J.: 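The structure that follows is given in the form of structure tokens.
The figures that follow rest on heavy atoms only: side chains count, while hydrogens, waters and symmetry mates do not. These numbers come from a predicted model, not from an experiment.
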Amino acid sequence: MTELPKAYDPTQVEPRWYRVWQENQFFHADATAPKAPYAIVIPPPNVTGSLHMGHALFATLQDILIRWRRMQAYNAMWLPGTDHAGIATQMVVERTLQREEGKSRHDLGREEFLRRIWAWKEKNGHRITEQLKQMGCSLDWERERFTLDEGLSRAVCEAFVRLYEEGFIYRAQRLINWCSRCTTALSDLEVEHSETEGSLWHIAYPVSGSSERLIVATTRPETLLGDTAVAVHPEDERFRHLIGRNALLPLTDRQIPILGDAQLVDREFGTGAVKVTPGHDFNDFETGQRHQLPAISIFTLEGRTNENVPTAYRGLTIVEARQRVVADLETAGLLVKIEPHQLSVGHCQRCETVVEPLLSLQWFVRAAPLAAPAIEAVELGKTKIVPEVWTKTYMHWMRNIKDWCISRQLWWGHRIPAWYCAACQEPTVARETPTRCAHCAGTSLRQDEDVLDTWFSSALWPFSTLGWPAETRELKTFYPTSVMETGYDILFFWVARMMMMGLHFMKKVPFRTIFLHALVVDEQGDKMSKVKGNVIDPLDVIHGATLDELLNKAREGGAPETALDRIRKQFPEGIPASGADALRFALAAMAAQGRNIRLAPARIEGYRHFANKLWNAARFALLNLEGFDPDRYADQPQEELRAKLTLADRWILSRLQATAEEVNRALEGFQFNEAAQSIYRFLWSELCDWYIELAKPALYDRSPEGSQRHHLTQGVLATALETACRLLHPFMPYITEEVWQQIPQPSGTPQSIMITLYPMADSTMVDEEAEASMALVQETIVAVRNVRAEYNISPAVVLTVTIIAEHELARARIDAQRGPILQMARLSELQVFAAGQPPAGTAACVIAGGIIVCVSVAWQIDKTAELQRIAKELTKLERDRAQVAGKLGNASFLARAPREIVEKEQQRLAENEERIAKLESSRQRLQRL
RNA sequence: AGGCACGUAGCUCAGUGGGAGAGCACUACCUUGACACGGUAGGGGUCGGCGGUUCAAUCCCGCCCGUGCCUACCA
């Protein structure tokens, strides 16, 4: 047996195992296997992406679920893939093209540009999937999919055509969100609103045929050029007489009607009069429809004023137009005043350009009828949302859903399968390129230039990846999938739409459970961003990074100097290599439901130490497992074995059982943090702190008389460690595999921990007597150590102890555990009496059960200090006694509280009084000295 | 504006209608034959504030203060 290095080094261990697992096909699920299926499809990251903490979190949580279920003998399938991220990817390649060749995509033409993007994707599109491998993700790579794959493209086309034929997709001239930088339409969800300081301009509109002026208030004076009405409240006395008359639109020669509209106008706001611009405002658009107003579009797709404005204002950007309009109004004496005003402005999610409402002919999905079944499925519990709080949000959004604009003026994506007839202009929607117009049989057809929203293809992901529209074996086995695990921020983008599409096309929900995790933010609770310099790159955590490397990377990412300073301050020594295991454990341990995860580097470091602790426990075990015969140990009849075990053996096996139970229960409920905590406690606080220490004498004993005990101890230690590894494996796959491989195993054991069985709760291993007895032993030992620390007695000094235990059971328990107590408390002598007073020269502690532990400290007993010690203890006990006595003295408590509670309190009081009495007597005795 | 969270030890966070917890940090002691990425012991909290329900509230309810997020509107 080769000796393991003293400190665990993840960088030496982690890279080895992934390949082994993959080569042995452990990640692959067979759709025909006669096992209960458990499937997760990955929420596909953007193909342009690079692993960030959000990815690391979902990767961790999903891998935990998959590895756990796989070990529970489910047919566990985790499907990997990426999405084509229309806008983001096209932007990346356009930028490169501009930088390297000084060309735009239009210079290259559609075909050539697409060829370039594909080339880019082939070269760079594997980055994120490779990074997921470093996280240890047991993804079924044979099933990897990309939203623009041939199969998925067919699915997208099929879905579009069917929805069109069924009347769920239509084309219409509507006001949509337009990003003039990306030159494409966006859905409502792709617009991010942020509060901005703006102004409210008060502008005078002369009333035609009168000297009156109607003052309107607006935040967008430039859109005045597209006004087609002015509105006031119909019941507003100030303006009622103007309704039905016309106003002269300033800076133009147009007359526009003054109308009354109670829905649009808030009498209290601004001046009580509103300009109506149906071409550039969503509310005004609706107002326009109510009053049959024309909608005038005054901007081009690039965001400049067009031919619909007077010549003097043509060709200006929105900002220029505003300046010019305001200046001219002022000159004309029509600008009444300017007030500061806060408003929220929509920005493009991808490029942060201000989004403009624009009239445009686009394709839409009629959402409400598709949402109805998705609402019902959640109401009926066919799909469960965890944490449950999100159900309300889901319902609210679904019930108020608006039609979804799905066409995008991009090149990278699924081209819309619609062809327009040169003769009649009508669209023909078809699966294959049509030769004749469906309306007039014309033969001159041109395909729609636009592509579909990336999220349209994502909505089909749970079944398109499994082969739909073909009726594949995969679909039959793995659909509906078991869990959709993702961040709550894409509940609407994705999860909701997948529910709609899944139910529509498959007639079944796409997943049984939706688990929404929290977002990873920095220690202060801020979103991680390059500008702030608070990004922690999971890869740096895994592999480590020097300060220079961190700074260089931040600079390349365009981080400002303030961000660099923050990095210098936070990581003066760089980031140590903690390994994927430590990162995963940290994320799991912090993934409490319904909270943001503030990622504290100290926590990750703490779990790196945890890995090291496991490593060293394994080192200890391996150094002491020489000669251990796992088959011989495993073949012993259980009852025979149980009879020979020590208290410590029975205790640790009982704790192991309880831990397995807790971990499984926690994972069933997606309580990753509780599962992690439970294993952590078992390994560190129980196995290492107590069992290993208690096992040492037997393990070190090589005498012939001790050989049976030696072997049994080896067996229990090996069992505890091996089982703990299996419990921990879904969380820390690498180190558990490395350690597990070295533990001697009975013959017939699988070749990898990842295909062993997950420890299940076995109630026959719970040993309450052992746990109670052990608690007493531990308390006794701690009492002695406490005295040692308070008297500052070196651990090297061997002490003698006298225990006075009135109760027979306690006396018997202690008496039976003399050996372990002598060893752990470092005693040379232990006397146990049924009654009596603490001997002179001892420090006395009263522990549970009224047991007095008297530690001999004669040579340095300090009467004052000892009295103080006792006084402190008494204060605590007396405070507690008063509280309990108060409760028990309350008649209504006795009358109304459940009997168990009353009994418990009575017991507590008795216990307390016993301890107080004993301490008091110690004190009096001491004072007499 | 509406909705939803959150406020617990110095920091990051668990938790529960009936005796306040973890990790990190802190203090003291310890190179004991797995581990100083360690061991032993310890200090530290009016569980945001004020009311209410209850025999009993950190937990349930209401109000207030503070923080964050989401949705909608904002002429």
J.: Which side-chain N or O atoms in residues 599-612 of chain A pair as donor and acceptor under 3.5 Å with protein atoms at least two apart or in another chain?
T.:
| unit_1 | atom_1 | unit_2 | atom_2 | d |
| --- | --- | --- | --- | --- |
| A:Arg603 | NH2 | A:Tyr607 | OH | 3.1 |
| A:Asn612 | OD1 | A:Tyr8 | N | 2.9 |

J.: Just checking A:Tyr394 against A:Trp390, ring centres under 6.0 Å apart?
T.: no

J.: For A:Leu909 and B:G19, what is the distance between atoms CG and P respectively, to the nearest whole Å?
T.: 14 Å

J.: Give me the distance, rounded to whole Å, that separates B:G66 from B:U8 when you measure between the C1' atoms they each carry.
T.: 16 Å

J.: How far does the P atom of B:U54 sit from the matching atom of B:C59, given to the nearest Å?
T.: 16 Å

J.: Is it true that a side-chain atom of A:Asn177 and a backbone atom of A:Pro357 form a donor plus acceptor pair closer than 3.5 Å?
T.: no

J.: I'd like the P distance from B:C73 over to B:G48, given in whole Å.
T.: 36 Å

J.: Quick one: label A:Ile793 by what it contacts on the DNA or RNA (base, sugar-phosphate, nothing), any heavy atom closer than 4.0 Å.
T.: nothing

J.: Rounded to whole angstroms, how far apart are CD on A:Glu192 and P on B:C73?
T.: 16 Å

J.: Could you work out the separation of B:A25 and B:G45 based on their C1' atoms and round it to a whole Å?
T.: 16 Å

J.: What string of B, S and - do you get for nucleotides 32-43 of chain B, 5' to 3', if B is base contact, S is sugar-phosphate-only contact and - is no contact with any protein heavy atom under 4.0 Å?
T.: -BBBSBSSSSS-

J.: Under 3.5 Å for both distances, Watson-Crick or G-U wobble, that's the pair rule; now give the dot-bracket for RNA chain B, with | marking pairs to another strand and [ ] for crossing ones.
T.: (((((((..((((....[..)))).(((((.......))))).....(((((..]....))))))))))))....

J.: Base, sugar-phosphate or nothing for A:His193? Non-hydrogen atoms, less than 4.0 Å.
T.: nothing

J.: Rounded off to whole Å, could you give me the CD1-to-C1' distance for the A:Ile604 and B:C11 pair?
T.: 15 Å

J.: Give A:Ala897 one of three labels, base, sugar-phosphate or nothing, depending on what nucleic acid heavy atoms sit under 4.0 Å from its own.
T.: base

J.: For the P atoms, the ones on B:A9 and on B:A72, what distance do you get once it is rounded to whole angstrom?
T.: 36 Å

J.: If you look only at pairs with a residue in residues 575-588 of chain A, which of them pass as a side chain to side chain donor-acceptor pair (under 3.5 Å), with sequence neighbours excluded?
T.: A:Asp63-A:Arg584

J.: Contact class for A:Pro898 vs. all strands (heavy atom < 4.0 Å): base, sugar-phosphate, or nothing?
T.: base

J.: With rounding to the closest Å, how many angstrom separate the P atoms on B:G2 and B:C55?
T.: 36 Å

J.: Given B:G19, is OP1 or OP2 found less than 4.0 Å from the side-chain N or O atoms of A:Arg908?
T.: yes

J.: Using atom C1' of each nucleotide, how far apart are B:A14 and B:A41 to the nearest Å?
T.: 25 Å

J.: Could you check whether the rings of A:Phe492 and A:Trp397 sit parallel, tilted or perpendicular, using 30° and 60° as the cut-offs?
T.: parallel

J.: Using atom types as modelled, flag every donor-acceptor pair under 3.5 Å from a side chain in residues 876-888 of chain A to any protein atom, sequence neighbours excluded.
T.:
| unit_1 | atom_1 | unit_2 | atom_2 | d |
| --- | --- | --- | --- | --- |
| A:Asp880 | OD1 | A:Arg908 | NH2 | 2.9 |
| A:Asp880 | OD2 | A:Asn912 | ND2 | 2.9 |

J.: Do any pairs count as a side chain to side chain donor-acceptor pair (under 3.5 Å) and have a residue in residues 687-699 of chain A, sequence neighbours left out, and if so which ones?
T.: A:Asp649-A:Tyr691, A:Glu693-A:Lys696

